[in-house]
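Please read the structure below before turning to the comments.
Predicted model only: the values in this text are computed from it and were never measured. We number each residue from 1, following the sequence as shown.
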Amino acid sequence: MRLTLRQLQVFVAIADHGSTTAAGQAIALSQSASSAALQELEAHFGTPLFDRIGRRLALNGHGRALLEPARALLVNAADLERQLAAGGDPAQGAPLRLVLAASTTIGNYLLPPRIADLLRQAPQAEVDLRIDNSAGVVAAVQRLDVDAGLIEGPCHERGLQVTAWQQDPLVIVAAADAPPRWSLDELRAARWLLREPGSGTREAVEQALLPHLRGFAQALQLGNTEAIKQAAIAGLGLACLSRHALEEPLALGRLRILETPLPALQRTLWLVRHPGKRWLPGLQALLGEVE
């Protein structure tokens, strides 16, 4: 008996949903057909892949070892099918639809010009860009929901390929009527406008500032970069943000970059990939050369 994609699809669905009945409903297959496919798969490997706990099926050690390779194989098969259906040449790896996840600053300010350049070169291409905080982007890469992820802080999850993508300058800004120069003591006493925990911006700002400030005397937590910019414009505190996110309010004179005794601040932006995902040439065209 040969291993089939249908068997792997059923296996992954059972792992995700916990029973052959729920798995069959998820992939439009009868319960009996799902059970038969699982039995064939377990016969092929000569070992059970699930522990039977009442009516629930829970992955055992063999099943856990198979899950991620099976999920990656299904995703790559779907990519190939999509390319062939639309007339793409798989030998050249020419993607017709890219799915990316990016954290807020990258997704809102850095990727749109790159996507526009790609679509000018390849008008038939499609790009699905999903914006989340860094933790959400990493989770999407782990689930193989996206071709790649771009984040603004370090990735702490094991089993993923993480590569430095580019450097991002950070600046400290305040409302236009704020004093232009700030001492270290004034920075330490100020109210800081910060992203939520799990945000790459929050982690990068803490890494850049805390060695000098030794903590934030006052902090106001906000859910996205735009909210932080508006709060800074309103005079609610200081913000440390990517220079790329500040072009418009700086040009309009609504924010000012502060002079401080701190060294030049920057952070590394990271590309996160799942080892089971192919690196498509369209991604290289979009993101540039990656080691």
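When every heavy atom of Arg273 is checked against every heavy atom of Val141, the shortest pair comes out as C-CG1, 3.7 Å. The shortest non-hydrogen separation linking Ser134 to Gly153 is OG-N, 4.1 Å. Nearest approach of Trp165 to Leu287, heavy atoms of both residues: NE1-O, 2.9 Å. Taking both residues in full, the closest heavy atoms of Val137 and Ala101 are given as CG1-O, 3.7 Å, listed atom of the first, atom of the second, then distance. Nearest heavy-atom pair across Pro211 and Gln207 is CD-O, 3.3 Å. Taking every heavy atom of both residues into account, Leu49 and Asn60 meet most closely at O-OD1, 3.0 Å.
Formation of a donor-acceptor pair under 3.5 Å by the Trp192 side chain with backbone atoms of Cys240 is not found in this model. A distance-only check finds a donor-acceptor pair linking the side chain of Lys229 to the backbone of Ala245 [under 3.5 Å].
Under the rule for a side-chain hydrogen bond (donor to acceptor under 3.5 Å, both in side chains), Thr21 has no partner lying at least two apart in sequence or in another chain. Partners of Glu196 under the salt bridge (charged side-chain N to carboxylate O under 4.0 Å, His left out) rule, at least two apart in sequence or in another chain, do not exist in this structure. Take Gln31 and apply the side-chain hydrogen bond (donor to acceptor under 3.5 Å, both in side chains) test, not counting sequence neighbours, and it matches Thr20, Ser35. Taking Asp51 as the reference, nothing meets the side-chain hydrogen bond (donor to acceptor under 3.5 Å, both in side chains) condition, with sequence neighbours excluded. Under the side-chain hydrogen bond (donor to acceptor under 3.5 Å, both in side chains) criterion, Gln121 pairs with no residue, sequence neighbours left out. Residues meeting the salt bridge (charged side-chain N to carboxylate O under 4.0 Å, His left out) test with Arg130, sequence neighbours left out: Asp128. Arg56 pairs by the side-chain contact (heavy atoms from CB on, under 4.5 Å) definition with nothing, not counting sequence neighbours. Considering only residues two or more places apart in sequence or on other chains, Tyr109 meets the ring-ring contact (aromatic ring centres under 6.0 Å, His included) condition with none of them.
There is a side-chain donor-acceptor pair under 3.5 Å between His156 and Glu203.
Distance CD/Glu68 to CZ/Arg143: 11.5 Å, rounded to 0.5 Å. Expressed to the nearest 0.5 Å, how far OG1 of Thr225 lies from CD of Gln230 amounts to 12.0 Å. Taken to the nearest 0.5 Å, the CG atom of Asp132 stands 9.0 Å off from the OG atom of Ser103. Summarising the geometry, atom CD belonging to Glu259 is positioned 13.0 Å from atom CH2 belonging to Trp182; distances are rounded to the nearest 0.5 Å. Atom CH2 in Trp270 sits 14.0 Å away from atom CD in Gln161 (nearest 0.5 Å).
Here side-chain hydrogen bond (donor to acceptor under 3.5 Å, both in side chains) pairs that include residues 244-258, with residues two or more places apart or in two chains, are Arg243-Glu247.
Taking Ile, Leu, Val, Met, Phe, Trp and Tyr as members and joining any whose side-chain heavy atoms lie under 4.5 Å apart, directly or through other members, the hydrophobic cluster of Leu255 also contains Val171, Val173, Leu193, Leu220, Leu222, Ile228, Ile233, Leu236, Leu241, Leu246, Leu250, Ile257. Taking Ile, Leu, Val, Met, Phe, Trp and Tyr as hydrophobic and joining them when side-chain heavy atoms fall under 4.5 Å apart, one finds Ile53 isolated, its cluster having no other members.
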For residues 69-77, run the donor-acceptor check on the side chains, cut-off 3.5 Å, and write out each pair with its distance to 0.1 Å, sequence neighbours left out.
from: Arg71; atom 1: NH1; to: Asp16; atom 2: OD2; distance (Å): 3.2
from: Arg71; atom 1: NH2; to: Asp16; atom 2: OD1; distance (Å): 3.1
from: Asn76; atom 1: ND2; to: Ala72; atom 2: O; distance (Å): 3.3
from: Asn76; atom 1: ND2; to: Gly276; atom 2: O; distance (Å): 2.8

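Salt-bridge annotation for Arg188 and Asp185: present, with a side-chain N of the basic residue lying under 4.0 Å from a carboxylate O of the acidic one.
Exactly one of Leu271, Ile106, Leu269 qualifies for a side chain to side chain contact (heavy atoms under 4.5 Å, CB included) with Gln166. That residue is Leu269. Put simply, the residue from Asn108, Asp168, Thr104 that forms a side-chain hydrogen bond (donor to acceptor under 3.5 Å, both in side chains) with Ser242 is Asp168.
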TODO: Just do the side chain to side chain donor-acceptor pair (under 3.5 Å) check on Gln167 and Thr268 with the steps written out, would you?
DONE: CA-CA 5 Å; Gln167 295 300 307; Thr268 301; 2.9 Å; yes

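Between Leu238 and Phe216, every side-chain heavy-atom pair lies at or beyond the 4.5 Å cut-off.
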